[in-house]
Amino acid sequence: MTFDVDKIRNDFPVLFQSSRGKPLIYLDNAATTQRPKSVIKAVSSFYENDNANIHRSVYELGERATIKYEDARVKVQKFINAEKSASIIFTKGTTESINLVAYAYGRTFLKPGDEILYSEMEHHSNIVPWQQVAETTGCQLKYIPITDDGTLVEDWRNYFSEKTKFVAITHQSNVLGSINPVKDIITYAHDKGAKILIDAAQSVPHMSVDVQNLGCDFLVFSGHKMLAPTGVGVLYGKTDILNAMPPFLFGGDMISQVGLQSSKWNDLPHKFEAGTPNIAQVIGLGAAIDYINELGIDSIHQYEHELTQYALSKFEELDTIKVFGTRENRGAILSFHSEFVHPHDMAQFLDADGIAVRAGHHCAQPLMERLRVPATTRASLYFYNTREEIDILVNSIKNILKIFSVESQPK
Amino acid sequence: MTFDVDKIRNDFPVLFQSSRGKPLIYLDNAATTQRPKSVIKAVSSFYENDNANIHRSVYELGERATIKYEDARVKVQKFINAEKSASIIFTKGTTESINLVAYAYGRTFLKPGDEILYSEMEHHSNIVPWQQVAETTGCQLKYIPITDDGTLVEDWRNYFSEKTKFVAITHQSNVLGSINPVKDIITYAHDKGAKILIDAAQSVPHMSVDVQNLGCDFLVFSGHKMLAPTGVGVLYGKTDILNAMPPFLFGGDMISQVGLQSSKWNDLPHKFEAGTPNIAQVIGLGAAIDYINELGIDSIHQYEHELTQYALSKFEELDTIKVFGTRENRGAILSFHSEFVHPHDMAQFLDADGIAVRAGHHCAQPLMERLRVPATTRASLYFYNTREEIDILVNSIKNILKIFSVESQPK
Amino acid sequence: MENLRELYQQIIIEYSQKPRNFRTIENAEHECHGHNPLCGDDVTIYATIENDIVKDISFMGSGCAISKASASIMTTLVKGKSLDAVQSMFDGFHNLITTGETNEDMSSKLLVLGGVHKYPVRVKCAILPWHTMMNGLKNECPDN
Amino acid sequence: MENLRELYQQIIIEYSQKPRNFRTIENAEHECHGHNPLCGDDVTIYATIENDIVKDISFMGSGCAISKASASIMTTLVKGKSLDAVQSMFDGFHNLITTGETNEDMSSKLLVLGGVHKYPVRVKCAILPWHTMMNGLKNECPDN
Ligand SMILES: Cc1ncc(COP(=O)(O)O)c(C=O)c1O
Ligand SMILES: Cc1ncc(COP(=O)(O)O)c(C=O)c1O
Ligand code: FES
Ligand code: FES
């Protein structure tokens with residue numbers, strides 16, 4: 001299939017607007033992607049036609065809503081090739097998914113002396129929950145460092161010890177774009193007797209991810225980074241582990257019997273879905289997966305790969321700009337830095353050209369320390385971005401550099 | 001203002017459909033309400049025009065999204081008359097709101113020997129989290145019983161003790177419709193030195209609620225029960241108490257500084273909003289509040305009160321049907337029971353007439369035990385329901401009773 | 001109500017008011033309690049077996065018309081049957097109410113519950129007594 | 001870029017490259033560290049006071065052009081001023097960058113930052129050095 005970007009762009013109404021008087025160029029997809037019409041429609045149409053609370057409803061509307069909600073679960077299951085739909089727990093996002101595991105697995109099963117291992121390139125959402133587990137259980141935090149070029153050190157195995165009981169690692173860095181060798185890490189973790197969680201917030205939207213092939217114990221991602229509505233995320237877990245865990249949130253739907261003094265839990269996946277779920281958002285996530293499947297996740301990946309390589313080459317024209325990360329094994333994220341222009345000033349000037357990028361620590365402060373910068377400017381791509389947009393970005397940066405270093409020589 | 005229901009109904013597209021060949025009559029509003037066009041539009045339009053991740057964005061789209069999100073917070077603040085917008089924490093629903101308080105307040109501040117007091121008419125979401133707090137902290141659970149007619153016992157003060165440190169009580173029962181004297185209970189709880197949470201899931205959508213006037217420490221409710229999208233809820237808390245609590249979910253946005261070993265928390269309300277928030281849903285909640293304000297919450301309450309009184313009178317025509325609860329101090333919820341027709345059969349037959357009601361324990365099993373029924377059938381109203389719909393409901397019940405008790409006499 | 005009449009055939013309504021074998025069996029070797037978390041209803045099955053034949057069987061509990069009818073029909077049908085026959089009856093019934101498919105060996109009494117497969121939330125009502133019985137007969141009752 | 005030029009006046013870009021009073025003061029009685037959680041930048045203010053007059057003041061840290069320019073202008077302006085005068089300068093500046101309103105006493109140097117109020121996320125950049133200084137002068141530095 002050839003990738004007809006112009007046609008694809010037509011599916012994204014938000015792209016057709018001007019920002020600061022220029023055509024909008026949206027390059028903040030690692031923060032959140034845009035939504036195609038079909039997803040927006042799936043949500044509106046649910047509210048217009050099928051809206052009802054789910055499970056336990058005996059009326060037609062409620063039945064329809066339940067079927068659509070559970071259908072979406074099966075779509076997610078198939079998308080990441082999980083064995084059972086009971087493995088798919090809907091949350092409000094990656095952050096909640098990780099917290100669920102930290103509370104219900106970490107605080108339950110980790111003991112003083114155990115070690116939790118993560119990497120130096122984790123997102124705060126995959127750091128802070130584990131710090132809390134360490135604080136409450138008395139276990140230790142260790143991390144795998146990264147190299148100067150922004151990849152996991154090659155001898156990452158050396159950071160495992162007999163005490164390593166849990167590994168939490170990102171599939172793809174949200175700053176560097178580096179893709180980690182998670183399959184090897186998962187195998188090694190299991191050899192060492194550790195459980196492992198993969199933060200797939202930046203991988204599932206962009207590449208084919210197969211949880212059975214990977215073999216991970218947990219995998220987490222967010223809908224809003226893959227065309228779906230805000231307010232929905234996924235926790236995949238192996239059912240035997242999920243079954244062994246206590247629930248996280250308590251309330252309606254997650255119990256099978258409640259007395260005034262104690263209660264019994266419901267089966268998976270309901271045990272972990274307390275209260276009225278984010279029904280419309282889950283259905284929207286199903287529609288997003290349909291959209292991605294229509295394009296083909298491999299075609300998306302291929303297109304993004306070529307676009308990234310193009311962008312990396314174009315950035316080479318900018319002498320004083322350093323792009324972090326390697327050329328190989330990287331996703332469509334470009335974090336860059338200029339000695340002369342602070343990342344926020346850079347982003348502000350790009351904004352004036354209608355270009356939406358992100359400046360800051362990208363919720364990865366430990367990584368910023370490692371890179372010895374307070375912040376970076378980050379352009380992150382999705383399949384609706386184009387080479388023309390990259391050209392405009394690079395041109396705009398050129399102008400900004402001029403303003404800051406040429407125009408403003410001390411008088 | 002006169003209440004023009006026909007005009008109002010036009011705002012709710014879902015109502016104009018037939019179900020099982022009959023015009024849909026939606027009477028399951030205590031489970032979830034329907035959404036007006038303006039709310040559906042607010043969500044679509046966000047995705048079509050303003051979609052971006054919020055806070056920290058320096059580009060126009062992100063600024064707009066942030067302003068809309070924070071505007072919605074102020075709308076909620078004003079709607080319940082909170083003193084500060086920092087008191088308004090967005091969650092995914094009542095259940096998460098209560099769990100947040102149970103984890104971050106309950107597990108932190110309650111001690112062995114302390115007592116948590118709730119009532120016999122609580123929803124599971126306001127029971128099970130407290131059972132877990134009791135289990136982990138070693139404090140005791142006590143409850144205020146209800147009378148045969150479904151109201152809180154008059155001597156509810158007697159269930160307080162010197163050990164009562166936390167009270168969790170519903171403003172309005174989701175089964176009986178009974179409205180509890182929460183203002184008195186709050187005052188008394190404070191006299192006794194206890195903190196108090198009000199489950200306002202069934203009150204905020206239907207009546208004017210003023211947290212400053214009530215004086216409660218926490219108040220929780222769900223968007224989807226008040227015209228807003230699924231996947232959004234509110235926790236109101238007094239800022240001094242929220243400040244004293246540790247965070248609940250950990251991750252992006254809720255921290256101000258993250259190191260590889262420890263972190264510092266952000267200010268309220270962000271401290272409790274980890275990760276990418278349910279941005280579109282929060283904005284939808286803002287639009288829902290606009291809609292309610294347009295009609296006037298007092299007019300809504302008045303209309304619903306009259307409709308409920310009408311329904312109660314009509315139900316008196318049905319000899320063999322018992323409606324739970326009193327006539328006074330009740331919201332627009334009618335739970336009823338027939339000796340001859342099981343609640344689920346009743347609901348199934350009503351469904352065949354296009355009438356959507358709920359059958360079951362309504363996530364209130366302890367209350368079912370108290371009422372000595374396994375389940376009830378529940379019709380719950382909102383301001384778009386009409387007297388004609390009540391007439392059809394009552395007629396349909398009459399027919400069902402005939403089918404079950406007359407037609408089917410043993411041959 | 002046309003469709004609904006397929007679900008609630010006359011006999012189902014009758015059974016709901018006059019359930020068959022609705023009693024306890026004192027000191028039954030096989031007793032099992034089943035619970036439907038969707039609605040809060042429950043059923044207890046009592047059975048005695050001799051030489052792999054179901055000698056006596058009964059039920060108690062609260063439930064909807066579908067579940068009472070299902071338990072009534074079930075107890076009526078399995079009494080006097082071998083455990084093997086009961087197992088294959090269960091398999092056939094399970095298939096019937098989840099897919100609507102019948103098989104030639106199936107008792108026509110079971111067919112009155114065939115409409116259930118169109119009402120996903122009610123499938124559990126019809127199957128609950130059966131699951132509970134099978135658990136009881138195998139002494140694999142999780143609730144005991 | 002018209003609008004942006006209001007935010008980034010030429011002088012701001014200059015200051016970002018040649019900040020004024022960008023140094024430490026050894027053994028300064030008043031030293032305060034401020035941090036902008038939105039971007040991860042920070043600033044440290046050093047000051048000496050004699051008879052309620054700001055004797056010397058300087059800053060260090062990493063930040064954007066807005067924050068460096070703001071710190072440069074601030075340190076230049078407050079040096080030699082009484083604590084009372086500094087407080088009212090702060091009040092005026094705070095008002096300027098949140099609302100865009102000026103007042104007659106305001107130094108024209110401050111006005112170059114007037115465009116900031118249109119960029120809500122950047123307000124923190126401009127105010128950070130000021131907040132940090134005020135905390136430092138009052139010895140109310142939360143970070144110490
Ligand atoms: C009184 C009451 N409390 C709590 C809840 C739980 O709300 P949610 O399911 O939106 O979390 C409900 C509604 O189901 C309710 O009616
Ligand atoms: C790698 C990674 N992990 C976790 C998150 C947190 O996701 P969310 O904010 O949707 O909870 C993000 C995105 O912000 C991310 O990029
Ligand atoms: S509704 Fe409870 S068993 Fe059928
Ligand atoms: S962006 Fe950090 S201080 Fe301005």
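Letters A, B, ... are given to chains in the order of the sequence lines, protein chains preceding strands, and every chain is numbered from 1.
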Flag side-chain contact, heavy atom, 4.5 Å: B/H224 against A/I279:
no
Heaviest contributor of heavy-atom pairs below 4.5 Å to chain A, chosen from B/I127, B/T32, B/I355, B/T94, is B/T32
Whatever's closer than 4.5 Å to a heavy atom in chain B on A/I255 counts as side chain
Region of A/F12 that comes under 4.5 Å of a non-hydrogen atom in chain B
neither
Most heavy-atom pairs under 4.5 Å with chain A, out of B/E96, B/H123, B/M368, belong to B/E96
Which heavy-atom pair separates B/S44 from A/S44 by the least distance, and what is that distance?
OG-OG, 3.2 Å
Part of A/V357 within contact of chain B (heavy atom distance under 4.5 Å):
backbone
Select one option (side chain, backbone, both, neither) describing which atoms of B/N29 are under 4.5 Å from chain A's heavy atoms.
neither
Contact class of A/P277 relative to chain B, heavy atoms under 4.5 angstrom
backbone
Honestly, the part of A/Y143 sitting under 4.5 Å from a heavy atom of chain B is side chain
Tell me, for A/L24 versus chain B, whether the close heavy atoms (under 4.5 Å) come from the side chain, the backbone, both or neither.
side chain
Enter the distance from B/N99:CG to A/F250:CZ here, rounded to the nearest 0.5 Å.
7.0 Å
Given that the side chain runs from C-beta out, which part of A/E60 has a heavy atom under 4.5 Å from chain B: side chain, backbone, both or neither?
both
Nearest 0.5 Å please: distance from the CG atom of B/L249 over to the CG atom of A/L100.
9.5 Å
Do you know the tightest heavy-atom contact between B/G252 and A/H124?
N-CB, 4.1 Å
Between CD on residue A/Q34 and CG on residue B/L61, distance to nearest 0.5 Å:
6.0 Å
Of all of B/H361, B/Q17, B/E48, which one pairs up most often with chain A through heavy atoms under 4.5 Å apart?
B/E48
Just how far is it from atom CD of A/Q132 to atom CZ of B/F248, taken to the nearest 0.5 Å?
12.0 Å
Return the minimal non-hydrogen interatomic distance between B/V14 and A/Y47, and the atom names on each side.
CB-O, 3.6 Å
Is it the side chain or the backbone of A/N126 that comes within 4.5 Å of chain B heavy atoms, both, or neither?
neither
Taking side chain as everything from C-beta outward and backbone as N, CA, C, O, which of these in A/L141 sits under 4.5 Å from a heavy atom of chain B? Side chain, backbone, both or neither.
both
Any A/V58 side-chain heavy atom under 4.5 Å of B/F349 side chain:
no
Contact part of A/T33 toward chain B, heavy-atom cut-off under 4.5 Å: side chain, backbone, both or neither?
backbone
B/K271, NZ atom: more than 12 neighbouring heavy atoms under 6.0 Å:
yes
In short, B/Y26 meets A/A52 closest at the heavy-atom pair OH-CA, 4.3 Å
Below 4.5 Å from any heavy atom of chain B, which atoms of A/N51 appear? Answer side chain, backbone, both or neither.
both
Ranking A/N278, A/L367, A/D351 by heavy-atom pairs under 4.5 Å to chain B gives rank one to A/D351
Do NZ/NE/NH1/NH2 and the carboxylate oxygens of A/R20 and B/E63 come within less than 4.0 Å?
yes
Less than 4.5 Å apart, side chain to side chain, heavy atoms only: is that true for B/I40 and A/F46?
no
Which one of B/Y103, B/Y118, B/F16 has the most heavy-atom pairs closer than 4.5 Å to chain A?
B/Y103
To the nearest 0.5 Å, tell me how far B/T95 OG1 sits from A/E273 CD.
12.0 Å
Would you say the side-chain atoms of B/T230 pair up with the backbone N or O of A/A280, donor to acceptor, closer than 3.5 Å?
yes
Can you measure from SG (B/C363) to CE (A/M254) and round to the nearest 0.5 angstrom?
11.0 Å
Is it the side chain or the backbone of A/R370 that comes within 4.5 Å of chain B heavy atoms, both, or neither?
neither
How close do A/Q365 and B/S256 get, heavy atom to heavy atom, and via which atoms?
NE2-O, 3.6 Å
Between B/P229 and A/Q281 the two heavy atoms that sit nearest each other are CB-NE2, 4.3 Å
Using a cut-off of under 4.5 Å for heavy-atom pairs, which of B/L350, B/D253, B/I98, B/D28 has the most such pairs with chain A?
B/D28
